[in-house]
Amino acid sequence: MDHATKSIATPLLESLPSNKRASKLQTLGNIIVTVVGTGVLGLPFAFRIAGWVAGSLGVAIVGASTYYCMLLLVMCREKLASEEPLGGEGRTYGDLGYRSFGIPGRYVTEFIIVVAQCAGSIAYLVFIGQNLRSVFQGQGLSLASYIFMLVPVEIALSWIGSLSALAPFSIFADVCNVLAMGIVVKEDIQQAMGEEGFSFGRRTMITSNVGGLPFAAGMAVFCFEGFGMTLALENSMQDKTKFPILLAQTFGGITLVYILFGFCGYMAFGEETRDIVTLNLPRNWSSLAVQVGLCLGLMFTFPVMLHPINEIVEGKLQTMHRTNNDSTRLGKICTYISRAIVVVVLAVIASFVPEFGVFASFVGSTLCAMLSFVLPATFHLRLFGSSLRIWQKALDFIVLFCGLFFAVYGTYNTIVGV
């Protein structure tokens, strides 16, 4: 095989010695902080659109489907590793695209990953900027000003070399997210148990608006972020054989929390539920604590979101370094510069995004659907082929066509909505 066609986008995790790989607890923290993001605050609104029964079932189905597709990626990589030792090849999502469909497969896969991760990172910056502007009202600063204040911090965090090194920040972000969600639930319960209270009869179980179901499903897909990190997370773990079980346990817990959070938010505010549930909270110390906690959590999650982008960009730079016989020191300098440039470019784009809700909905129902469902099912069908049983092929095709449907619907809905 020609060396130029091989993958050089080797994850930083893979170069770590085994004694520096992430433990089970560290991997747990990285999984949670990678999956849980801003989308969770839109779940109560999704429950309002779909109904609390349909919303709960939708989140459960999306969670199970995402877990299944993550396992498909791991199985594909293991199959290729068993057939041929994986030198620099087969470790990344893009490598699977190449081994499945050649050079076009790599380009398409890496393009979707880069665009999806960039879009998710931009959504993070916009969310943080909007919440900081809300917390510090009256300062006269624009959204762009708050976004660019984050740039030096995010550049410094992006220079950290591996996910295991980011584990302390990941755990801190997890704590911030849990505390923030806990305060939201407390406000929900107080609102629901107030003088007016609520009755299940006044809450929609399953919406009569069929078009609302795909919208709610798209919001649920956006909630399960970080799919491009699957292989990197598995590679970072000391004992990789325990990854599927740990992933199942983590996804089960996350899915249950999502359902309870969406349910509580909708029960508390009913048809008044906003697209970001924190907007329903009164302006007091607890709601401000929610916003600040989420901003801190997402600020430390941001470099984890950047990892797949940096992985691909640095892989291309490594090719140039090898061609030009550049020194290792120069290569490290180029790595630091490229990561800083990525952060600055994303911040500039984020400063022009007018509205978080529309942007997040579009990303979730299009790019996330392609990345999380369409590509893994396609790779699995391609690489395993006739060795799959009929039910396995049927399940893969169901996931594939549902992912394509959400991608097409999300694009159409965004265009019509605009």
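Here, residue 1 is the first one in the sequence, and each next residue gets the next number. Hydrogens, waters and symmetry mates are skipped; everything else that's a heavy atom, side chains included, is used.
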Worked check of side-chain contact (heavy atoms from CB on, under 4.5 Å) between L400 and F373
CA-CA 6 Å; L400 172 62; F373 305 129; over 6 Å; no
Strictly by modelled atom types, are T335 and S338 linked by a side-chain donor-acceptor pair under 3.5 Å?
no
Using the side-chain hydrogen bond (donor to acceptor under 3.5 Å, both in side chains) criterion, which residues pair with D396? Sequence neighbours excluded.
Y68, H380
Salt bridge flag under 4.0 Å for residues R77 and E234:
yes
Can you tell me how far the CE atom of M75 sits from the CD atom of E78, to the nearest 0.5 Å?
8.5 Å
Could you walk me through whether I147 and I128 satisfy the side-chain contact (heavy atoms from CB on, under 4.5 Å) test, starting with their C-alpha distance in whole Å, then the side-chain angles of each, then the deciding distance to 0.1 Å, before giving a yes or no?
CA-CA 7 Å; I147 291 176; I128 296 172; over 6 Å; no
If only atom types and distance count, is the side chain of S65 paired as donor or acceptor with the main-chain N or O of I61 below 3.5 Å?
yes
Closest non-hydrogen atom pair between L346 and S121, with its separation
CD1-CB, 3.8 Å
Euclidean distance, S56 OG relative to L43 CG, rounded to 0.5 Å:
10.0 Å
Sub-4.5 Å side-chain heavy-atom contact between L96 and T109
no
Evaluate the side-chain proximity of V344 to I155: yes if any heavy-atom separation is below 4.5 Å, no if none is.
yes
F243 side chain reached by V74 side chain, heavy atoms, under 4.5 Å:
yes
Close side-chain approach of C223 and Y258, heavy atoms under 4.5 Å:
yes
With a 4.5 Å heavy-atom cut-off, do T378 and F101 have their side chains touching?
yes
Mark yes when over 12 heavy atoms from residues, nucleotides or ligands other than E271 sit less than 6.0 Å from its CD; otherwise mark no.
yes
Let me see the working for F251 and F224 under ring-ring contact (aromatic ring centres under 6.0 Å, His included), right down to the final yes or no.
CA-CA 9 Å; F251 257 72; F224 292 93; 5.7 Å; yes
Sidechain-backbone polar pair: S351 side chain, V348 backbone, donor-acceptor under 3.5 Å
yes
Does the side chain of I309 come within less than 4.5 Å of C118's, by heavy atoms?
yes
With a 4.5 Å cut-off on side-chain heavy atoms, are L157 and F302 touching?
no
All heavy atoms of L371 vs all of Y93, minimum pair found to be O-OH, 2.7 Å
Can you name the one residue among V126, L141, V135 that meets side-chain contact (heavy atoms from CB on, under 4.5 Å) with Y146?
L141
Backbone N/O of G97 and side chain of R106: donor-acceptor pair under 3.5 Å:
no
Verify, without hydrogens or angle tests, whether T273 (side chain) and G270 (backbone) share a donor-acceptor contact under 3.5 angstrom.
yes
Do you know the tightest heavy-atom contact between A60 and T255?
CA-CG2, 3.8 Å
In short, salt bridge (charged side-chain N to carboxylate O under 4.0 Å, His left out) pairs touching residues 360-369 with sequence neighbours left out are none
F47 and W52: ring-ring contact (aromatic ring centres under 6.0 Å, His included), yes or no, with the steps?
CA-CA 5 Å; F47 276 51; W52 62 271; 8.8 Å; no
Shortest non-hydrogen contact from L306 to V342?
CD2-CG1, 4.1 Å
If I take atom CG from residue L80 and atom OH from residue Y98, how far apart are they, to the nearest 0.5 angstrom?
12.0 Å
Is there a side-chain contact (heavy atoms from CB on, under 4.5 Å) between L41 and F261? Walk through the geometry before answering.
CA-CA 9 Å; L41 297 178; F261 186 76; 4.0 Å; yes
Within this structure, what is the OG-CE distance for the pair S372 and M70, rounded to the nearest 0.5 Å?
7.0 Å
Minimal non-hydrogen separation, W159 against A340, with atom names:
NE1-N, 4.3 Å
As an exercise, state the distance from CG of L125 to CE of M299, rounded to the nearest 0.5 Å.
11.5 Å
So T27 and K242, side-chain contact (heavy atoms from CB on, under 4.5 Å) or not? Walk me through it.
CA-CA 11 Å; T27 304; K242 295 181 180 180; over 6 Å; no
Distance-minimising heavy-atom pair for L383 and C76:
CD1-CB, 3.7 Å
Just verifying a value: how many Å separate C69 SG and F379 CZ, rounded to the nearest 0.5 Å?
11.5 Å
Under 3.5 Å: donor-acceptor pair, side chain of R48, backbone of Y266:
no
